[in-house]
Amino acid sequence: MTFGIKQLLERPIFRAARLVAGREGIHHPVGWVHVLEITNVAPYVSPNDLILTTGLWLKQNEQERFAYMKQLIDQQAAGLCIEMGTTVDNIPKEIVELADLHHFPLIVFEQPVRFVEITQDVHALIINRQHQFLKELEVYSRKLQRLTLESTGIAQILKAFHEQSARQVLYFSSLDHSIFYPALTTKASGPISSFLQRQMDTKALSAKDVSFLSMNAQQLLVVEPVICFGQTFSYVGVLLHNRAEITESLTLLLDYTTKAVAAITLRTEFLEEKMSRDHNEFILDIMNNRIENEDQAQSRMGLRQLSKGEYLFASGIIEIQHTADIEPITIEADKQDMLILVRQLLKKHGLYNLVMIQNNRIYMLCAKDALHKESHVNFQATLMQLAEELRASAHEPTKSLKLHAGFGKLRTQIVDSSRSFEEAQQVIDVARNVAAQEGCMFYDRLGVYQLLKAVPKLSFLASYVDDHLGELIAYDREHHLQLIETLDVYLACMGSKQETAAKLHIHRQTLYNRLEKLSLLLGEDFLEADKRRCLEMALVAYKLK
């Protein structure tokens, strides 16, 4: 749609013109043409304007001539054309040097010309190019619509963008593989992907608008976010070599392309939503022990038969808690956003998965092939990273969310995963109520709480706690001596009075008084093995209330 000074000089009407300065700026785009003879030109000049003049300003003193040129340069005018022979016969050397210094094209007509013919010619060219570009843009838009209906492949959209712009284009996603068209070698594409990832991590990439990023002196990236459901998961961009290549036509093409990619992403999400209904039914069958045949279950999950090794299955629950009073519609939107993010992260980490949301809980069954002895540890590390990424999203300033995550024991069969979902919920219950277990996400790390959560009736635990700690609890309630906390720390410190006093931040004599009261209420033998074990179990159960 745009053209530069170089193309302008090739026009017939500029046959008698000569470029006398600013040769390095001949690629400046020309957006419009103005005839200006006044000396205060700044308010009337826009970027990329080409200025025509007879040189009246050259009749001023040296300081005013410099001021005139500086105004044009500062306003980012495309260039300046001076008609010789009407008002002036030569251009001062210092003006030529100033134009060269700022790469500002200075064009002279050696003989008088009709400015009206120049403006008519250039304006007609600009308007015709704009009209032609709008026609091409309409054709391009229809092409994108056809491509989005025919396929869910983003590569086809990038190919169309490349053919229209004649630039290296790319699709970047932190949750998926990046795509370059034309394809680049890993050596060439790696630094670009790493650069964009750093920009995303440091929030330098805009989640709403186009970003202009300089990789180095030779490479410039222009990227626009792909926004779906108010979330930004990926970007479409174009690789340029200098800022002069950033034109209105290119940014319009980028915008159309980005919206086409967003349409494909949305359609993919809707297809996944349809699949999620099948996932819901499957997960409910698992949770209700309606799965009997393992081979059929793995096939239903879409898992291929392994030639060696086996699958590991992890059942997990993400519980979403809102920490502030907000509108119900916002609560539902937050849950849907979190569901989409869970799916994207599971995809990013390469996990086979089924996902279901019910009320404020997201249930997921994840699978990964186990080919070596470290697979179990690696799987848990991946799940932990996934949970941390979810929590990082929940902690954004615009959200009032707190997430609780729990995973049952890893198992080798889907038919055994019902128990894993129960274990995942037990992990969340313990982590929510026991401060020392707040960061725990895995059932096999709950320790003695596995036994306590397995007790079928909570009333039994309450009775057990009352039998062994009832007098202490009642005494604390009346006298506020913190005997329960003192006993818990004293047993944890293996009876070390010095360490206990330090951890409780109390004087040694205060601790002696409390220990004397403990001996009075519990008996002198409360440190003997059997009684100590009963007290420790009661303390653990007490924290679960």
Side-chain angles (χ1 to χ4, degrees), residues 1-39 41-42 44-60 62-130 217-218 240-250:
M1 185 169 67
T2 59
F3 62 98
I5 297 292
K6 183 176 184 297
Q7 290 77 26
L8 199 68
L9 291 173
E10 296 169 356
R11 306 282 300 167
I13 200 161
F14 278 81
R15 189 177 295 115
R18 181 167 59 90
L19 183 68
V20 298
R23 185 168 299 278
E24 294 187 29
I26 61 172
H27 295 292
H28 287 179
V30 177
W32 206 242
V33 180
H34 285 298
V35 179
L36 284 177
E37 296 289 2
I38 59 176
T39 54
V41 298
Y44 309 101
V45 177
S46 299
N48 302 328
D49 281 352
L50 179 68
I51 306 303
L52 305 180
T53 174
T54 60
L56 280 174
W57 55 278
L58 286 170
K59 295 291 187 179
Q60 308 296 321
E62 182 177 342
Q63 184 177 356
E64 291 177 335
R65 293 198 298 264
F66 260 76
Y68 179 91
M69 284 290 289
K70 281 292 292 178
Q71 288 179 72
L72 296 180
I73 292 169
D74 292 342
Q75 293 299 110
Q76 300 177 17
L80 175 65
C81 296
I82 304 175
E83 180 189 65
M84 308 296 288
T86 303
T87 304
V88 295
D89 296 318
N90 62 76
I91 300 175
K93 180 181 177 182
E94 65 272 14
I95 296 298
V96 174
E97 291 175 348
L98 181 63
D100 275 330
L101 178 65
H102 292 279
H103 311 313
F104 183 73
L106 188 59
I107 302 168
V108 298
F109 289 93
E110 301 290 356
Q111 55 191 27
V113 293
R114 297 184 64 192
F115 283 169
V116 66
E117 293 180 357
I118 295 176
T119 57
Q120 286 177 345
D121 181 74
V122 177
H123 289 170
L125 180 62
I126 292 173
I127 293 170
N128 288 337
R129 282 184 175 235
Q130 288 177 333
Q218 290 79 35
L240 307 176
H241 298 291
N242 57 69
R243 287 193 171 269
E245 296 182 62
I246 303 174
T247 61
E248 183 183 0
S249 58
L250 185 63

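For this chain, numbers begin at 1 and follow the sequence in order.
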For a 4.5 angstrom cut-off between non-hydrogen side-chain atoms, does [X] reach [Y]?
{"X": "Ile82", "Y": "Ile91", "result": "yes"}
{"X": "Asp100", "Y": "Val96", "result": "yes"}
{"X": "Val45", "Y": "His34", "result": "no"}
{"X": "Leu250", "Y": "Leu240", "result": "yes"}

Gln63, CD atom: more than 12 neighbouring heavy atoms under 6.0 Å: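 Atom CD in Gln63 is not packed in, count stays at 12 or less.
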
Nearest atoms (heavy-atom pairs only) where [X] meets [Y]:
{"X": "Gly31", "Y": "Ile126", "answer": "O-CD1, 3.2 Å"}
{"X": "Ile107", "Y": "Ala17", "answer": "CG2-CB, 3.7 Å"}
{"X": "Cys81", "Y": "Phe109", "answer": "CB-CE1, 4.0 Å"}
{"X": "Pro105", "Y": "Ala78", "answer": "CD-O, 3.4 Å"}
{"X": "Ile5", "Y": "Gly25", "answer": "CG1-O, 4.3 Å"}
{"X": "Thr53", "Y": "Glu37", "answer": "OG1-OE1, 3.0 Å"}

Test side-chain contact (heavy atoms from CB on, under 4.5 Å) applied to Glu94 and Leu98, step by step: CA-CA 6 Å; Glu94 65 272 14; Leu98 181 63; over 6 Å; no

Could you tell me whether a side-chain N or O of [X] sits under 3.5 Å from a main-chain N or O of [Y], the two making a donor and an acceptor?
{"X": "Glu24", "Y": "His103", "value": "no"}
{"X": "Arg65", "Y": "Gln60", "value": "yes"}
{"X": "Asn48", "Y": "Val30", "value": "no"}

Candidate pair Gln75 and Val41, rule side-chain contact (heavy atoms from CB on, under 4.5 Å), full reasoning: CA-CA 9 Å; Gln75 293 299 110; Val41 298; over 6 Å; no

Plane angle bin for Tyr68 and Trp57 - parallel if under 30°, tilted between 30 and 60°, otherwise perpendicular: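 Aromatic pair Trp57/Tyr68 classed parallel.
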
From [atom1] ([X]) to [atom2] ([Y]), nearest 0.5 Å:
{"X": "His27", "Y": "Gln7", "atom1": "NE2", "atom2": "CD", "answer": "8.0 Å"}
{"X": "Leu8", "Y": "Asp121", "atom1": "CG", "atom2": "CG", "answer": "8.0 Å"}
{"X": "Leu9", "Y": "Arg11", "atom1": "CG", "atom2": "CZ", "answer": "11.5 Å"}
{"X": "Glu64", "Y": "Leu58", "atom1": "CD", "atom2": "CG", "answer": "12.0 Å"}
{"X": "Leu72", "Y": "His102", "atom1": "CG", "atom2": "NE2", "answer": "11.5 Å"}
{"X": "Trp32", "Y": "Ile127", "atom1": "CH2", "atom2": "CD1", "answer": "4.5 Å"}

Residues Thr54 and Glu83: side-chain donor-acceptor under 3.5 angstrom: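 The criterion, which ignores hydrogens and geometry beyond distance, is not satisfied for Glu83 and Thr54.
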
Worked verdict on Val113 versus Leu52 for side-chain contact (heavy atoms from CB on, under 4.5 Å): CA-CA 11 Å; Val113 293; Leu52 305 180; over 6 Å; no

